[in-house]
Amino acid sequence: MSTAADDDADYHHSDGSVMPDVLAKGREACYKARDAFYACVEKHADKKPTEIATMGLLYAADCKKSRANFVSNCRPAWVKHFDRQHCAKKRVQRLLDGDDDRRGPISLPQPYTFKQ
């Protein structure tokens with residue numbers, strides 16, 4: 001069971017000061033970097049994706065710089081969360097569109113789905 005002291009440890013340095021990435025300016029920088037990266041992914045969606053991010057997100061090499069900026073400005077857990085959100089939105093959009101274009105993140109079968 002997690003306590004309030006454990007939760008606070010995620011946001012404070014050992015000297016008691018608050019980590020900058022959870023403050024408003026840090027979050028704002030993270031959101032701007034996130035928006036720039038996903039805008040780049042959408043802009044270059046017609047190009048062959050050659051890079052892989054967390055959660056199976058594929059993106060074009062043209063977006064490497066914005067991805068690096070995104071990863072450096074956001075906590076790893078946030079990056080993973082935003083990638084998961086983006087993949088889910090793309091999957092839903094693909095299902096709603098219903099056309100033959102299968103571009104975007106897909107769910108790959110997991111090892112536990114196969115009988116051994």
By side-chain contact (heavy atoms from CB on, under 4.5 Å), which residues pair with [X], not counting sequence neighbours?
| X | value |
| --- | --- |
| A29 | N73 |
| A36 | none |
| A61 | T50, E51 |
| D35 | none |

### Message
Taking salt bridge (Lys or Arg N to Asp or Glu O under 4.0 Å) as the definition, give me every residue that meets it alongside K32, ordered by chain and number, with sequence neighbours left out.
### Response
E28
### Task
Check ring-ring contact (aromatic ring centres under 6.0 Å, His included) between F82 and all other residues, then give those that pass, not counting sequence neighbours.
none
Atom pair [atom1] ([X]) and [atom2] ([Y]), whose distance is rounded to the nearest 0.5 Å:
| X | Y | atom1 | atom2 | answer |
| --- | --- | --- | --- | --- |
| L96 | K89 | CG | NZ | 13.5 Å |
| N69 | K65 | CG | NZ | 8.5 Å |
| R27 | R75 | CZ | CZ | 11.0 Å |

#### Entry: Worked check of side-chain contact (heavy atoms from CB on, under 4.5 Å) between R67 and L57
CA-CA 11 Å; R67 177 70 183 185; L57 173 65; 4.2 Å; yes
## Note on the structure
Heavy-atom nearest pair, C63 first then S66, reads O-OG, 3.0 Å
### Task
Quickly, which of Y59, F37, Y38 forms a ring-ring contact (aromatic ring centres under 6.0 Å, His included) with H86? Name it, please.
Y38
